[in-house]
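Here is the structure we will look at, set down as structure tokens.
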Amino acid sequence: SVDDNVTVIVTPVDDPPVVENPIAAVQASEDDSNTTLSIANVFNDVDDDNSSIIKTAISDNSTLVVTKITGDVLTLAYKLNQFGITTVTVTGNSNGQSVDHNFTVIVQPVDDPPTLANPIADINATEDAGDLSIDLSNTFNDIDDDNNSITKVANSGSPEIVSSAVNGQILTLHFPDDSYGSSNITITGTSNGKTIEDSFAVNVIPVDDAPEVINGIADISVEEDAPDFIVSLANAFNDVDDDNNSIDKIVQANSNPDLVTATNNGNTLTLDFQPDQSGSSTITLLVSSNGKTIEDSFTVDVTPVDDGPE
């Protein structure tokens, strides 16, 4: 027998890395915090140390999910108010050879509450001001729904100073007569069961009101040669801002002083009828309080009497 030896030389070939532990699909909700995934064991390279495998990642929808790799940790960052599906491709590169691994990220939508887009500034008004209308159409925003579907209601902390009402997109502030002070107005916007509030202050500045006639002096009819007639002025006028005792009253005009004279002392007006005179006179009082005035007039009719012979 004879032996013949043959040498077989197997030349090494650098194998590419392979996907050994695939990444499962990721489920997330809109506006979730970042997801971190360990990718240390995703790839394997039989020829090299796995720690030398370089990994990169990219999302095919970066407006939904952004990827970042630090060491062996993959971070998925979710864009604000975005939802949908994207494919993330992780590439393992070892010694110039690479392999891709794709997995799906599904971001479920979440109904966001409305937000405050344009806060209402504080308001200054004067006592007895007319109604004020404010457009609320751009006050709130809902990224998920039509802003016109946001319902608004208003509440005043002090309705005796300023009351509030909403009709559609218009807020109306009403200022009750002779009231002043401050009140907070709260507007609540509701969209699909979720709410947001905006509050602002309304400051109503007092105004000095003129006195007013509350019990006007009635016209007076007497007969010729009647005795003096006394009229009480104590409750004839009112000043909502001041003590009524401080209201000044004077006789401003008398159209027929030959018929009757009128004199005032404090809250007492005295009518003195001249002898043997008849006819009519209009008497006007000037009423003043803290520099503001009003007038009140009344008529005095004196009917003639047939005098006997003297």
Please answer whether the main-chain N or O of Asp258 pairs with a side-chain N or O of Gln274 as donor and acceptor at a distance below 3.5 Å.
no

Under 3.5 Å: donor-acceptor pair, side chain of Asn184, backbone of Gly157:
no

Without hydrogens or angle criteria, can the side chains of Asn254 and Ser281 be said to hold a donor-acceptor pair below 3.5 Å?
yes

Close side-chain approach of Gln169 to Asn148, heavy-atom, < 4.5 Å:
yes

Passes side chain to side chain contact (heavy atoms under 4.5 Å, CB included), Ile23 versus Leu37? Steps please.
CA-CA 9 Å; Ile23 303 171; Leu37 302 170; 4.0 Å; yes

Got a second to check how far Leu233's CG is from Leu269's CG, nearest 0.5 Å?
5.5 Å

Say you draw a straight line from NZ of Lys152 to CD1 of Ile196; how long is it, rounded to the nearest 0.5 Å?
13.0 Å

Heavy-atom side-chain contact between Val202 and Leu132 under 4.5 Å
no

Take Asp135 and Ile170, measure what side chain to side chain contact (heavy atoms under 4.5 Å, CB included) needs, and give me the verdict at the end.
CA-CA 5 Å; Asp135 188 352; Ile170 302 300; 4.3 Å; yes

Applying side-chain hydrogen bond (donor to acceptor under 3.5 Å, both in side chains) to Thr293 and not counting sequence neighbours gives none

Donor-acceptor pair, Asp296 side chain versus Gly216 backbone, under 3.5 Å?
no

With a 4.5 Å heavy-atom cut-off, do Lys79 and Val107 have their side chains touching?
no

Asp198 side chain vs Pro119 backbone, donor-acceptor pair below 3.5 Å:
no

If you take all heavy atoms of Val300 and Leu259, which pair is closest and at what distance?
O-CD2, 4.3 Å

Under 3.5 Å donor-acceptor pairs involving side-chain atoms of residues 174-182, not counting sequence neighbours:
unit_1 : atom_1 : unit_2 : atom_2 : d
His174 : ND1    : Asp131 : OD1    : 2.7
Ser179 : OG     : Glu160 : O      : 3.1
Ser179 : OG     : Asp177 : O      : 3.4
Ser182 : OG     : Asn203 : OD1    : 2.7

Does Asn264 use its side chain to pair, donor to acceptor, with the backbone of Val251 at less than 3.5 Å?
no

Under 4.5 Å side-chain heavy-atom separation, chaining through any Ile, Leu, Val, Met, Phe, Trp or Tyr, what else clusters with Val46? Say none if it is isolated.
none

Other residues, nucleotides and ligands only: do more than 12 of their heavy atoms fall within 6.0 Å of CZ on Phe83?
no

Main-chain N/O of Asn215 paired to Asn235 side chain as donor or acceptor, under 3.5 Å
no

Would you say that Leu173 contacts Ile123 through its side chain, given a criterion of any heavy-atom pair below 4.5 Å between the two side chains?
yes

Would you check if Pro275 and Asp225 make a side-chain contact, meaning some heavy-atom pair closer than 4.5 Å?
yes

If I compare all heavy atoms of Val302 with all of Gln277, which pair ends up nearest, and what's the gap?
CG1-O, 3.3 Å

Spatial distance of atom CD1 (Ile247) from atom OG (Ser289) [nearest 0.5 Å]:
5.0 Å

Atom pairs and distances, donor-acceptor, side-chain atoms in residues 62-78, under 3.5 Å, two or more places apart:
unit_1 : atom_1 : unit_2 : atom_2 : d
Thr63  : OG1    : Asn61  : OD1    : 2.5
Thr67  : OG1    : Ala57  : O      : 3.2
Asp72  : OD1    : Lys55  : NZ     : 2.8
Tyr78  : OH     : Thr35  : OG1    : 2.7

Using a 6.0 Å cut-off, check whether atom CG of Asn167 has over 12 heavy atoms from anything other than its own residue.
no

Is the side chain of Asn141 donor-acceptor paired with the backbone N or O of Thr115 at a distance under 3.5 Å, no angle test?
no

Backbone N/O of Asp142 and side chain of Asn147: donor-acceptor pair under 3.5 Å:
yes

Would you say Ser164 and Leu171 make side-chain contact, with heavy atoms under 4.5 Å?
yes

Looking only at heavy atoms, which two atoms of Asn41 and Asn21 are closest? And how far apart?
O-ND2, 2.6 Å

Ile58 side, atom CD1; Thr89 side, atom OG1 - distance, nearest 0.5 Å
7.5 Å

Run the side chain to side chain contact (heavy atoms under 4.5 Å, CB included) test on Leu271 and Ile220 for me, step by step, so that the C-alpha distance in whole Å, both residues' side-chain angles and the decisive distance to 0.1 Å come before the verdict.
CA-CA 10 Å; Leu271 302 179; Ile220 296 170; 3.6 Å; yes

What's the shortest heavy-atom distance between Gln108 and Ile106, and which atoms?
NE2-CG2, 3.7 Å

No-hydrogen, no-angle side-chain donor-acceptor test under 3.5 Å, Ser156 and Ser183
yes

Verify same cluster id: Phe273, Val305 (apolar side-chain graph, 4.5 Å)
no

Under the salt bridge (Lys or Arg N to Asp or Glu O under 4.0 Å) rule, collect the residues that match up with Lys249, sequence neighbours excluded.
none

With distance as the sole test, does Gln252 use its side chain to make a donor-acceptor pair with the main-chain N or O of Thr284 at under 3.5 Å?
no

4.5 Å side-chain heavy-atom contact, Thr151 and Val153
no

What heavy-atom pair brings Ile283 and Val260 nearest, and what distance separates the two atoms?
CD1-CG1, 4.3 Å

Would you mind reporting whether Val90 and Val42 have side-chain heavy atoms less than 4.5 Å apart?
no

Can Phe237 and Asp239 be said to form a side chain to side chain contact (heavy atoms under 4.5 Å, CB included), step by step?
CA-CA 7 Å; Phe237 308 103; Asp239 187 339; over 6 Å; no

Using a side-chain heavy atom cutoff under 4.5 Å and only I, L, V, M, F, W and Y, what cluster partners does Val207 have?
none

Does Ile54 offer a backbone N or O that forms a donor-acceptor pair with the side chain of Asn93 under 3.5 Å?
no

Closest approach of Asp219 to Thr299 (non-hydrogen atoms, all atoms of both residues):
OD1-N, 2.9 Å

Of Asp122, Thr188, Thr186, which is the lone residue that meets side-chain hydrogen bond (donor to acceptor under 3.5 Å, both in side chains) with Ser199?
Thr186

Look up atom CG in Asp248 and atom CG in Asn290, then write down how far apart they are to the nearest 0.5 Å.
10.5 Å

For the atom pair CG (Asp47) and CG (Asn95), what is the distance rounded to the nearest 0.5 Å?
8.0 Å

